[in-house]
Amino acid sequence: MTRPRRFQLGCCMSFHGERTSLRRVFAALLLVSTVALIAAAPPAPKATPTPVPVALPSAPKLPLVVVYPFDFSTDMRSDTGTRTAQLFISQMNAAGGVDALQGPPTVKRASYSDYAKSLNAAYYVAGYMTPLGGGVSLVEQVVDTSTGTIILAATAQIQSFEDATSQAISIRDGIVAREQSKAQAFEEASAQATPAPLASNQANISGGIAGLFKRRARQTPDPRATAIVKPAKGIFVVRAGGSPGTSLNEATAALYTALNQHYAARNSNSGGDAARSANAICGADRNNTVATGTLSSKSVRRGFFGRTQYSFTLDVYTCFGARLAQTSGDGDSVQSAVSAAVAAYVADHPLNN
């Protein structure tokens, strides 16, 4: 009776063992399938680095030049000064090397420098036009805003569009040449400022004792290193008179240039009797004088050859119209005669008083 029970128990134990074995087989297959799926899975994509833009070298900054509408006499068209300035601007920009723009006609001449500086302009251009024959006589001035001095001054006779274009290009060429000269001077100064390496036997000597036994080189003063300090009293320049009439614009420009080298000069844009108009010219700005002059010329012969000699008489007045000084100068050119008269005044009145 007990054998059947053993047989049944053995069957059950056998069946339970087979089921356990099947579970192990399925577990092994599941593990292998998982590993295979992991191996077959595509690799994770790598992050693509964001390209960094490369900064390109910027073009050199051009000097900014403000061209103000040219002043003109009352018998010319009302838009003459503005149109002339626009012509100069277009020709200067077309030639390149400068960035010229027009100054507003509302800016007064006394504020030319301040307005140009507010734009960070390096230079400004101003001028005056008067009718001359069938054309126009043009006085041009280019002022460096950093120093307030006139770097270019010229008088030209304009008869055509080509003449005006030529003057605009001449101004542009003068500014570009000055900028190149300044850049070259800066490079030379930088090269001189870089100390040369000492020899190894001198570099190891403490306290610079080796230099004590060397003759000290004589220092040559650089005339450009000393800045000219102008006196507080400025000077207004009135249009020159006299003869010949074709050289009066040149004499006025030369007078302004010569005086501005020593004093704070300003154009008054007036002519006639300087003594009578001195009070109106100064206005509320009384810490000034008023200067004008008279130009004359004569022909001088030497043997078979002749030449023209110029004489210029400089008159300087107080703002009340009283004559402060009168000096004269002679020369073979208008500029040399004016410069001689101004030099005589500067020698006697270094403070313009």
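Keep in mind that what you see is a predicted model, and the values were worked out from it rather than measured.
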For Pro105, give me all partners under side chain to side chain contact (heavy atoms under 4.5 Å, CB included), at least two apart in sequence or on another chain.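 By the side chain to side chain contact (heavy atoms under 4.5 Å, CB included) rule, Pro105 matches Pro69.
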
What verdict does the side-chain contact (heavy atoms from CB on, under 4.5 Å) test give for Gln91 and Arg172, after you've listed the backbone C-alpha separation in whole Å, the side-chain angles of each residue and the deciding distance to 0.1 Å? CA-CA 9 Å; Gln91 296 301 317; Arg172 173 265 176 195; over 6 Å; no

Please determine whether side-chain contact (heavy atoms from CB on, under 4.5 Å) holds for the pair Lys230 and Leu351, giving the CA-CA distance in whole Å, both sets of side-chain angles, and the decisive distance to 0.1 Å. CA-CA 8 Å; Lys230 297 180 180 180; Leu351 298 181; over 6 Å; no

For the CZ atom on Arg83, are there more than 12 heavy atoms of other groups (residues, nucleotides or ligands in this structure) within a distance under 6.0 Å? no

Please determine, by modelled atom types, if [X] and [Y] share a side-chain donor-acceptor pair under 3.5 angstrom.
X: Ser333; Y: Ser336; result: yes
X: Thr292; Y: Asp315; result: no
X: Lys233; Y: Asn287; result: yes
X: Gln326; Y: Tyr317; result: no

Restricting to salt bridge (charged side-chain N to carboxylate O under 4.0 Å, His left out), what partner residues turn up for Asp330, sequence neighbours left out? none

Pair Tyr128-Leu138, side-chain contact (heavy atoms from CB on, under 4.5 Å): steps then yes or no: CA-CA 6 Å; Tyr128 184 82; Leu138 174 61; over 6 Å; no

Donor-acceptor pair, distance only, cut-off 3.5 Å: does the side chain of [X] make one with the backbone of [Y]?
X: Ser170; Y: Ser166; answer: yes
X: Asn279; Y: Arg276; answer: no
X: Ser111; Y: Val107; answer: no

Could you check if a side-chain atom of [X] sits within less than 4.5 angstrom of a side-chain atom of [Y], using non-hydrogen atoms only?
X: Ile235; Y: Asn288; answer: no
X: Ile171; Y: Phe88; answer: yes
X: Pro131; Y: Val136; answer: no
X: Val237; Y: Leu259; answer: yes
X: Val338; Y: Tyr310; answer: no
X: Arg239; Y: Val139; answer: no
X: Val316; Y: Arg323; answer: no
X: Ile151; Y: Val143; answer: no

What is the distance from atom CG of Asp99 to atom NZ of Lys61, rounded to the nearest 0.5 Å? 9.5 Å

Working to the nearest 0.5 angstrom, can you tell me the gap between Asn267 CG and Asn260 CG? 9.0 Å

Apply the test salt bridge (Lys or Arg N to Asp or Glu O under 4.0 Å) to residues Lys108 and Asp114: give CA-CA distance (whole Å), side-chain angles for both, the deciding distance (0.1 Å), then the verdict. CA-CA 10 Å; Lys108 302 299 182 182; Asp114 293 336; over 6 Å; no

Please lay out, stage by stage, how Asp71 and Met129 fare under the test side-chain contact (heavy atoms from CB on, under 4.5 Å). CA-CA 6 Å; Asp71 294 333; Met129 297 184 295; over 6 Å; no

Which residue pairs satisfy the ring pair (Phe, Tyr, Trp, His ring centres under 6.0 Å) criterion with at least one member in residues 101-121, sequence neighbours excluded? Tyr68-Tyr112, Tyr112-Tyr124

Can you give me the closest heavy-atom contact between Leu87 and Ala164, atom names plus distance? CD2-CB, 3.4 Å

Exercise: identify the closest heavy-atom pair between Arg77 and Phe72: O-CE1, 3.4 Å

I'd like to know if Asp144 and Arg178 make a salt bridge, using a cut-off of under 4.0 Å between side-chain N and carboxylate O.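 So Asp144 pairs with Arg178 through a salt bridge.
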
